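Comments concern the structure below.
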Amino acid sequence: MTSMHLILIGLSVLHARTGGMNEHRLDKPVLNGPSIALKDSIEYFYCEIPGQPDTVRVHYELYAETNPDKIISYHTSLTGERANLLLFVREHHDGRLICKASAHNNTDIQSSYSDAWDLRVITPVEGLGIVSDPSDLNVWEGQSLTLQCRNARGTYVSYDWFLNEMPVQMWYDRNNDTLIIHRLSAQHTGDYTCVASNQFNDTITYNSSSEAVTVNVKEYLSKPEILLDIVKIEDGNYKATITCRADKGTPQNTFTLLNHTDIITTVTTHNTSAVFSVPIQMNIDMGRMKCNASNEGNWVMSEPTRLFVEPVGGAVTLTPFTHKKDFQVVGVGLLCKVERGTFPVYRWFHNGSRLTGRGVFYAVAYSDESFLSLSVGRNSDGFYHCDAADRFDNSSSISSAKMIISKEELNRVSPLVAVVVFTCFAVLIVAVTTCCVYGVVLRRRYSSKYPLTEQHGINIIPVKEEDDEEDEDYLMLEGYDEDVTRADRMSDSNEDEDESVDETLQYEGPASE
């Protein structure tokens with residue numbers, strides 16, 4: 001009777017009464033423990049009701065929020081001690097844990113629950129592999145490819161992708177464990193590996209690498225081009241060697257040679273080019289050749305090429321070009337051109353000696369060797385000429401006229417140029433001298449004609465006094481009309497003469513009397 005009385009007193013301390021005994025509730029428990037744990041490790045979590053009396057018996061249960069019906073650890077506190085909840089960590093414990101507190105063997109008191117405690121369960125990553133879509137990794141350019149990195153075990157894993165042991169570039173779409181390539185091209189061919197890793201407490205890192213998978217991106221044939229060459233055969237006739245070549249294309253490749261729309265022949269090969277032979281006759285139009293290339297259902301057609309061969313003939317001309325520096329000719333270029341010929345080749349000669357490739361003062365350029373570049377100097381002085389022949393038959397050739405190249409002659413000033421320069425210089429001196437003389441004469445005439453004050457644009461008219469009480473000053477400013485000035489002077493002069501006449505008359509009057 002005494003112990004039951006003590007229990008009721010303790011419960012009255014912990015719980016507020018709102019009705020009958022069945023409405024009592026335990027205070028909210030507090031749960032704490034590790035926030036990260038390794039799979040298969042043993043960890044302790046602690047749960048208690050702050051201020052719990054020693055006389056109250058509380059039963060604590062630990063469970064995952066996602067599965068409240070499965071108790072993963074429990075402890076009964078008989079004397080008010082903190083509950084030590086032992087947990088053998090499993091992967092399904094990852095998430096939020098909750099501690100439930102209930103009165104031991106007393107259903108009249110309501111249970112209470114702690115706030116959720118976040119727990120990350122780290123499972124070391126291992127057993128890595130790559131799954132692809134499509135499963136056949138021999139794919140054609142332009143298609144999409146998805147690679148997914150899957151691990152047998154592992155939580156909180158990060159992934160890295162490598163192509164031929166180098167980190168993949170930014171043109172890939174990455175989504176956690178998935179790599180997506182939307183438009184495949186040849187640059188995506190290679191061995192792909194996936195590396196997965198996770199960490200525990202920022203101190204221990206677990207890594208796992210997959211086996212490499214080889215992606216082979218097959219290319220469609222590009223638009224081919226036709227290369228034409230002529231060969232002289234033993235019987236004296238000629239044949240055309242027609243090469244149909246594409247820049248890229250995954251075998252097997254099929255090439256078809258056509259004359260207009262007529263099929264001449266077809267070749268299937270593991271190369272990106274095919275060679276065809278067609279007999280020809282000189283100076284006769286053999287038609288327009290085209291090449292069709294195909295692989296894996298696609299096909300592309302080349303531009304047509306006219307099959308017409310004309311032997312070299314006519315005149316061979318040399319065209320010079322000069323290069324100057326500091327008004328001196330330092331380089332000369334010579335272009336050799338034959339009047340007719342489909343496949344001409346050229347040869348260069350200096351003083352009768354053949355020039356080939358590159359020498360001390362020269363270089364033979366262009367695929368047909370039709371251009372000769374010279375550095376002007378003593379070694380380059382001499383006579384130059386070229387000849388032209390058929391590329392397919394050099395048994396006969398046509399020579400150009402000889403051209404002399406001399407550093408002294410190239411940089412010599414001609415008499416005509418000297419006369420023109422001297423005449424221009426003399427005319428300039430005469431013109432400058434004439435301008436100077438004219439300026440001096442004009443200045444003297446101007447100075448003698450006008451006073452110094454007028455030269456400065458300001459003319460002052462003398463003061464005329466008529467009465468002692470009244471004085472008037474007249475000032476002629478710059479720009480005043482010269483005629484007006486002269487008129488004023490003449491008026492003043494006339495007035496002076498009139499006054500003189502009057503005074504004389506007045507003087508002579510009394511004498512006559």
Side-chain angles (χ1 to χ4, degrees), residues 25-52 54 56-104 110-131 148-162 174-179 193-211:
R25 178 187 294 274
L26 290 175
D27 285 344
K28 184 177 180 179
V30 176
L31 174 65
N32 57 63
S35 58
I36 184 171
L38 278 175
K39 176 182 175 290
D40 296 335
S41 65
I42 297 176
E43 303 291 346
Y44 280 94
F45 292 84
Y46 306 99
C47 189
E48 64 177 334
I49 298 176
Q52 174 187 343
D54 295 343
V56 178
R57 297 182 178 182
V58 181
H59 182 69
Y60 296 96
E61 296 175 344
L62 185 67
Y63 63 89
E65 186 180 46
T66 56
N67 190 6
D69 296 329
K70 185 176 182 179
I71 306 302
I72 57 177
S73 184
Y74 62 88
H75 179 89
T76 301
S77 176
L78 300 178
T79 58
E81 76 276 6
R82 181 180 64 176
N84 297 328
L85 302 171
L86 178 66
L87 180 63
F88 191 68
V89 180
R90 300 296 188 193
E91 281 190 10
H92 62 269
H93 296 154
D94 184 85
R96 294 159 63 89
L97 303 181
I98 295 177
C99 175
K100 175 183 177 182
S102 58
H104 182 61
Q110 293 186 14
S111 302
S112 60
Y113 302 87
S114 69
D115 293 330
W117 182 265
D118 291 324
L119 175 65
R120 298 176 62 190
V121 177
I122 303 298
T123 301
V125 62
E126 59 179 334
L128 211 59
I130 296 177
V131 178
Q148 185 179 19
C149 190
R150 293 182 179 178
N151 50 286
R153 287 170 295 278
T155 56
Y156 300 97
V157 180
S158 60
Y159 300 89
D160 291 299
W161 289 91
F162 295 84
R174 299 182 58 178
N175 182 13
N176 196 17
D177 61 349
T178 304
L179 187 67
T193 54
C194 172
V195 176
S197 61
N198 55 4
Q199 287 185 332
F200 175 67
N201 281 342
D202 297 328
T203 56
I204 303 176
T205 301
Y206 303 94
N207 293 305
S208 179
S209 180
S210 70
E211 293 291 334

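Fair warning: this is a prediction, and the values are worked out from it, not measured in the lab. Hydrogens, waters and symmetry mates are skipped; everything else that's a heavy atom, side chains included, is used.
Of all non-hydrogen atoms in Val89 and Glu43, the two that sit nearest each other are CG2-CG, 3.7 Å. Heavy-atom minimum distance, His93 versus Val121: C-CG2, 3.9 Å. Across all their heavy atoms, Leu85 and Cys47 have their closest contact at CD1-CB, 4.1 Å.
For Ser197, the side-chain hydrogen bond (donor to acceptor under 3.5 Å, both in side chains) partners two or more places apart in sequence, or in a different chain, are Ser158. The salt bridge (charged side-chain N to carboxylate O under 4.0 Å, His left out) search around Arg96 returns Glu65, Asp118, not counting sequence neighbours. Residues satisfying the side-chain hydrogen bond (donor to acceptor under 3.5 Å, both in side chains) test with Ser73, not counting sequence neighbours, are none. With sequence neighbours left out, the salt bridge (charged side-chain N to carboxylate O under 4.0 Å, His left out) criterion links Glu81 to no other residue. Shown here are the side chain to side chain contact (heavy atoms under 4.5 Å, CB included) partners of Asp115, two or more places apart in sequence or in another chain: Lys28. Every side-chain hydrogen bond (donor to acceptor under 3.5 Å, both in side chains) that Asn151 has, sequence neighbours left out, goes to Tyr159. Annotation: side-chain hydrogen bond (donor to acceptor under 3.5 Å, both in side chains) contacts of Tyr156 (sequence neighbours excluded): Asp94. Judged as a side chain to side chain contact (heavy atoms under 4.5 Å, CB included), and not counting sequence neighbours, the contacts of Ser210 are Leu128, Ile130, Thr193, Cys194. For Gln199, the side chain to side chain contact (heavy atoms under 4.5 Å, CB included) test picks out Asp202, Thr205, with sequence neighbours left out.
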Stepwise side chain to side chain contact (heavy atoms under 4.5 Å, CB included) check, Tyr44 with Leu87: CA-CA 6 Å; Tyr44 280 94; Leu87 180 63; over 6 Å; no

Give the intermediate values and the outcome of side chain to side chain contact (heavy atoms under 4.5 Å, CB included) for residues Cys149 and Trp161. CA-CA 9 Å; Cys149 190; Trp161 289 91; 3.7 Å; yes

Side chains of residues 56-64: which donor-acceptor pairs under 3.5 Å do they make with residues two or more places apart or in other chains?
residue	atom	partner	partner atom	Å
His59	ND1	Thr76	OG1	2.6
His59	NE2	Glu61	OE2	3.3
Tyr60	OH	Ile49	N	3.3
Tyr60	OH	Gln52	OE1	2.9

Residues 29-42 side chain polar contacts: donor-acceptor under 3.5 Å, at least two apart:
residue	atom	partner	partner atom	Å
Asp40	OD1	Arg90	NH1	2.6
Ser41	OG	Leu38	O	2.5

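Heavy atoms from other residues, nucleotides or ligands lying under 6.0 Å from CZ of Phe88 number more than 12. For OH of Tyr74, the number of neighbouring non-hydrogen atoms (other residues, nucleotides, ligands) closer than 6.0 Å is 12 at most.
Remark: Arg150 CZ to Asp177 CG distance equals 8.5 Å, nearest 0.5 Å. Summarising the geometry, atom NZ belonging to Lys100 is positioned 6.5 Å from atom CD1 belonging to Ile71; distances are rounded to the nearest 0.5 Å. Here the straight-line distance linking atom CG of Leu97 with atom CD1 of Ile72 works out to 5.0 Å at 0.5 Å rounding. How far CD of Glu126 is from CG of Asn207: 12.5 Å, rounded to the nearest 0.5 Å.
Side-chain atoms of Thr123 never come within 3.5 Å of backbone atoms of Arg153 as a donor-acceptor pair (strictly under, hydrogens ignored).
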